[in-house]
Amino acid sequence: MNGPRICGAFAQVPSGLHGDMRAIGNGDLADAVSHLRCRLEAHPPGFHFDLVWQLDDARHGEMWAIWIDGHDADAVFIRPDCPGQGGMSGYGDEACTLFHGHPGKCSYAFADPLSDALIAGLHRRAPGF
Ligand SMILES: [Zn+2]
Ligand SMILES: [Zn+2]
């Protein structure tokens, strides 16, 4: 498949970051993820981002983790959702799943082969779904 793709770089959330997460987040820290995968459009080496914690009170946004190639996550921040809306043919009015001001294209404008494969697997296991 050609065209823009997701970055997909992997990283871990070190337990040393949990104090910072508790300090700015709310809800059950058990709901936070520990394995990260960059959700941006493929980009040159540098900073990667993934949604690390969907907060109980998301009025100000969700919590994102940031890391550099080859390192664990080293900071978290809260940002509102990207206001981007898709509306591409076949995607309905899918909203961008990234944060406000993210680099690169909005999430509905590039492919995520891993997520597509997982969804295809679900469809195969659940006929009629
Ligand atoms: Zn990345
Ligand atoms: Zn966007």
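Atoms within a ligand are numbered from 1 in the order they appear, just like the ligands themselves.
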request  = Have a look at the Zn ion (ligand 2) and estimate, to 10 degrees, the angle subtended by SG (C82) and SG (C106).
outcome  =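 My answer is 110°, to the nearest 10°.
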request  = If you have a sec, read the angle at the Zn ion (ligand 2) from C96 atom SG over to H102 atom NE2, to 10 degrees.
outcome  =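 C96 SG and H102 NE2 form an angle of 110° at the Zn ion (ligand 2).
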key: Sub-4.5 Å side-chain heavy-atom contact between H60 and L55   =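 A side-chain contact under 4.5 Å is absent here.
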inquiry  = Tell me the closest heavy-atom pair linking R37 and D50, and the distance in Å.
reply    =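 Heavy atoms only, the tightest pair is N-OD2, 2.9 Å.
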inquiry  = Please check if the number of heavy atoms outside H100 that lie under 6.0 Å from its NE2 is greater than 12.
reply    =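 It does not: H100 NE2 has 12 such atoms or fewer within range.
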ask   = For F47, does the CZ atom have more than 12 heavy-atom neighbours from other residues, nucleotides or ligands under 6.0 Å away?
value =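 Open.
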inquiry  = I'd like the atom name of the N/O/S atom in H48 lying closest to the Zn ion (ligand 1).
reply    =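 Relative to the Zn ion (ligand 1), the closest nitrogen, oxygen or sulfur of H48 carries the name ND1.
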Opening angle between SG in C7 and SG in C38, taken at the Zn ion (ligand 1), to 10 degrees =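 Centred on the Zn ion (ligand 1), the SG/SG angle is 110° (to 10°).
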